[in-house]
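Throughout, protein chains are lettered first and strands after them, A, B, ... in sequence-line order, and every chain is numbered starting at 1. In this text the structure is predicted, and so the values were computed from the model without any measurement.
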Amino acid sequence: MKVVTRFAPSPTGYLHIGGARTALFNWLFARRYEGQFLLRIEDTDKKRSTSEAVDKIFSGLKWLGIESDKPALFQSDNSTRHIEIANKLLKQEKAYRCFCSLEELTEMRKKARSEGKTRLYDRRCRDHKPTASDLTRPSSIRIKMPKENETLINDLVQGEIKVTNDNLDDFIIIRPDGTPTYMLAVVVDDHDMGITHIIRGDDHLNNAIRQLHLFHACEWDTPKLAHIPLIHGHDGTKLSKRDGALGIDSYAEMGILSEAMNNYLLRLGWSHGDEEIISTKKAIKWFNLDAVGRAPSRFDMEKLLNLNTHYLRNSSNKDLVSYVIPILSKLMESEVSSIAADRIERGMPGLKQRSKTIVELAQNSLIYSKETPILIQKNAAEHLNTQSISLLSSLHQNMANMRKWDQDSLEKIVRTTATENNIKLKQIAQPLRVALTGSTISPSIFEVMEVFGKKETLNRLKTVIKV
RNA sequence: GUCCCCUUCGUCUAGUGGCCUAGGACAACGGCCUCUCACGCCGUAAACACGGGUUCGAGUCCCGUAGGGGACGCCA
C-alpha cells in the first residue's frame, strides 16, 4: 500500500514551530516510503480563516522546502460532499437532528460538569422522533457515539489508548446553519484523499477516538494514527497555534537558515542514535515513527543557533552574499555597490566564521561595505595615538613596495615591522584594524587587507596617518 | 472537576532486563590556541521525579503517588 500523508493546518494565524514540525514529519514520512504528501487547508470556520494566513502557510512551507505533491485542497470546497455524508448517516439513523438551543446546551454543560461528568451533552434529542413543528426550527446534526464498551486505538507514537465509550459525546457534524464542522470534514476528506497515515499533534488524540467512530459509521477503513507530542516554550509553557508563538517566518527574518530549522525541528522529538547534524537526504533515509518520543519537548533557541552556525559555515560564499545583500542595504539605507558585494564574497571565509545568523553576517559585512572615509568607532579611536600612527606610517612604507598581496605575505611584513620596532604583533595589529575597519573587531586583519587590496588598504592607512 | 497522555543532566536526547561506574549534543564553567572578536581543540560539572512490587538482576516491566501537558465548542 502506498503511503499518503497530509498536513492540514487551519488558516487562522501563521505557521508556527509546532505546525512546521508536523508538516516536516508528514513530508519526511511520505518521502521515506516513496509515498505522497498532501496539503489541505482546514477552513471550515469561515469567520476565522483568512487568506493572509493561507499565504503565510504556503510561504512558510516553501521556505522549509516542504512541497505538496498535489495542489493544496481547501476543505470548504468540499462542503457539498460533507453534507451528503451527513445526510446519509442521518438516513441510516447513525446520526440524528438536535434541536437544542445554545442556552440549553450551556445549561447542560454546567450541570454535567458539576456532576463530574466528561460527557456534557445529555443526548435528549437522540431518541426523539422529530415532529413536524420541530422541523420548522433550526437543528444541528449529531453523530451517535456508542453507549457501552470501550474504544481502543493503537497509536503509532503513543501506543495503546483506551477510553470508556460512555465518556464520548455525540458531537455535532452539521451546524444549524447547514455547514459541516471540522470533525466531519477531516474524516470525510482524509478518506476521500486516501490518507493512510495521520501524523498530527497530540492535542488531537482525544478527537482521534471520536473520529474513529465516524470512520466506522461510514464503513470506511481507518488510517493509521500517529500523535506527536507538542512543543513547549523555553519556560515550559504552551507553544502552539492558539497562543502567541512566533511564526516560522520570524525565524527566517532573524537570519535562521531553513536547513538549520529543518534539522532542529527534526531532532526535537525524534532521534537516530547520537546523530545531531542530519541532512534532509539522511533524514528521508532514516525517518520513522518508532523513534518519535512521547514526551513534549521545549523549544531551545541556543541549540537552533548552534545548528544555524553549522549550516551557515557550510553554505557557499555566493549563496551567503545573496542572503546578506538585502539585509545590508536596509542597514545602510542604500544600495550595496558591486565593489562591496565582491569584497564581501572574498571576505566571506572570515565573516562566516564569526556569525551565528544571516543578520549577524550582514552586520559583520558592514566593514567591507562602507566607503572611505570610514567612521572610527568611539571605543576604537583610542588605539590611534601618536605612537601607533608612527608605527602605521612605517608599515605603510614597508607595504608600499610589496608586489605580492596575499594574507601570508601581509602577515610576514606586519610581523617584520613589529620586530623592527621592537613591539609585539598585537600592538600594531589593533591600530591597523582600527585604521582599516574603524572597529576593534573584525576577521583576521591579514585577510581584511587581502580583501581590500593594496590600493584601498594603503589609501585607508594614509587617511589615518595624515590626521 | 472529568477523561486522556507524559516524566533520563538546565535543554534536546541515547537507552527496548545484565554491555550503565547511564552515552552524545547544546548551553555553562576551566584551560590551550591567538592580531581583536570568534572558530577550533582539551577538560570539568551536571540526570534515571518519588514510593512500592515483579525478577538472580530494573533507567528499562507492573501498580500507586506527585508533577507537567492535552482535551472536554454550533474552533480547528
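- Of the residues in residues 80-88 of chain A, none lies under 4.0 Å from RNA chain B by heavy-atom distance.
- Taking atom C1' on both B/rC12 and B/rG17, the two are 26 Å apart, rounded to the nearest angstrom.
- With sequence neighbours left out, A/Glu411 forms a side-chain hydrogen bond (donor to acceptor under 3.5 Å, both in side chains) with A/Arg415.
- For the pair A/Leu265 CG and B/rU13 P, the computed distance is 12 Å after rounding to whole Å.
- Rounded to a whole Å, the CZ atom of A/Arg210 is 14 Å from the P atom of B/rA76.
- Under the salt bridge (charged side-chain N to carboxylate O under 4.0 Å, His left out) criterion, A/Arg6 pairs with A/Asp190, sequence neighbours left out.
- Every residue two or more places apart in sequence or in another chain was checked for a side-chain hydrogen bond (donor to acceptor under 3.5 Å, both in side chains) with A/Asn379, and none qualifies.
- Looking at residues two or more places apart in sequence or on another chain, you find no side-chain hydrogen bond (donor to acceptor under 3.5 Å, both in side chains) involving A/Arg109.
- Counted by atom type alone, A/Tyr96 and A/Asp170 present one or more donor-acceptor pairs between their side chains at under 3.5 Å.
- Taking atom P on both nucleotides, B/rA66 is separated from B/rA28 by 38 Å, rounded to a whole Å.
- Taking the P atom of each, B/rC29 and B/rA38 are spaced 12 Å apart, rounded to whole Å.
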Heteroatom pairs (N/O) under 3.5 angstrom, protein to nucleotides 4-8 of chain B:
{"residue": "B/rC5", "atom": "O2'", "partner": "A/Gln158", "partner atom": "OE1", "Å": "3.2"}
{"residue": "B/rC6", "atom": "OP1", "partner": "A/Arg294", "partner atom": "NH1", "Å": "2.7"}

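- Here the closest heavy-atom approach between residue A/Gln353 and residue A/Arg313 is recorded as OE1-CD, 3.6 Å.
- With both ends at atom C1', the span from B/rC50 to B/rA58 equals 16 Å, rounded to whole Å.
- Separating the CZ atom of A/Arg200 from the C1' atom of B/rA71 is a distance of 13 Å, rounded to the nearest angstrom.
- Base contact: A/Asn207 has a heavy atom under 4.0 Å from a base atom.
- The pairing partner recorded for B/rC35 is none, the criterion being a Watson-Crick or G-U wobble arrangement whose two distances lie under 3.5 angstrom.
- The same atom, P, is picked in B/rU21 and in B/rG57; the two are 16 Å apart, to the nearest Å.
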Base versus backbone protein contacts along nucleotides 27-40 of chain B [heavy-atom cut-off under 4.0 Å; B, S, -]
S-------BBBBSS
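- When both pairing distances are held under 3.5 Å, B/rC72 makes a Watson-Crick or G-U pair with B/rG1.
- Applying the side chain to side chain contact (heavy atoms under 4.5 Å, CB included) rule to A/Thr22 yields the partners A/Phe7, A/Asn26, A/Ile228; only residues at least two apart in sequence or on another chain are considered.
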Hey, can you pull the donor-acceptor pairs under 3.5 Å for the side chains in residues 79-88 of chain A, sequence neighbours left out?
{"residue": "A/Ser79", "atom": "OG", "partner": "A/Ser76", "partner atom": "O", "Å": "3.4"}
{"residue": "A/Arg81", "atom": "NE", "partner": "A/Asp192", "partner atom": "OD2", "Å": "2.7"}
{"residue": "A/Arg81", "atom": "NH1", "partner": "A/Glu84", "partner atom": "OE2", "Å": "3.4"}
{"residue": "A/Arg81", "atom": "NH2", "partner": "A/Asp192", "partner atom": "OD1", "Å": "2.9"}
{"residue": "A/His82", "atom": "ND1", "partner": "A/Asn78", "partner atom": "O", "Å": "3.4"}
{"residue": "A/His82", "atom": "NE2", "partner": "A/Asp189", "partner atom": "OD1", "Å": "2.9"}
{"residue": "A/His82", "atom": "NE2", "partner": "A/Asp189", "partner atom": "OD2", "Å": "3.4"}
{"residue": "A/Asn87", "atom": "ND2", "partner": "A/Ile83", "partner atom": "O", "Å": "3.4"}

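- Pairs passing the ring pair (Phe, Tyr, Trp, His ring centres under 6.0 Å) check and including a residue from residues 432-453 of chain A, sequence neighbours excluded, read A/Tyr368-A/Phe452.
- In this structure B/rG30 sits in a base pair with B/rC42, meeting the Watson-Crick or G-U test at under 3.5 Å.
- The same atom, C1', is picked in B/rU16 and in B/rU8; the two are 15 Å apart, to the nearest Å.
- Here B/rA71 presents its C1' atom at 10 Å from CE of A/Met183, a figure rounded to the nearest Å.
- Remark: P of B/rG70 and CZ of A/Arg298 are 12 Å apart, rounded to the nearest angstrom.
- To the nearest angstrom, P of B/rU2 lies 11 Å from CZ of A/Arg113.
- Partners of A/Asp177 according to the side-chain hydrogen bond (donor to acceptor under 3.5 Å, both in side chains) rule, which considers only residues two or more places apart in sequence or in another chain, are A/Thr179.
- Straight-line distance between the C1' atoms of B/rA22 and B/rC9: roughly 10 Å, to the nearest whole Å.
- The CG-C1' distance, from A/Asn165 to B/rC72, rounds to 16 Å in whole Å.
- Nucleotides B/rU7 and B/rG24 are separated by 23 Å at their P atoms, to the nearest Å.
- The distance between atom CD1 of A/Ile278 and atom P of B/rU13, rounded to the nearest whole Å, is 12 Å.
- Between A/Arg40 and A/Met193, the shortest heavy-atom distance links the atoms NH1-SD, 3.2 Å.
- Residues satisfying the salt bridge (charged side-chain N to carboxylate O under 4.0 Å, His left out) criterion with A/Lys111, sequence neighbours excluded, are A/Glu115.
- Heavy atoms of other residues, nucleotides or ligands lying less than 6.0 angstrom from NZ of A/Lys94 number more than 12.
- For A/Arg109, a side-chain nitrogen or oxygen approaches OP1 or OP2 of B/rG73 to under 4.0 Å.
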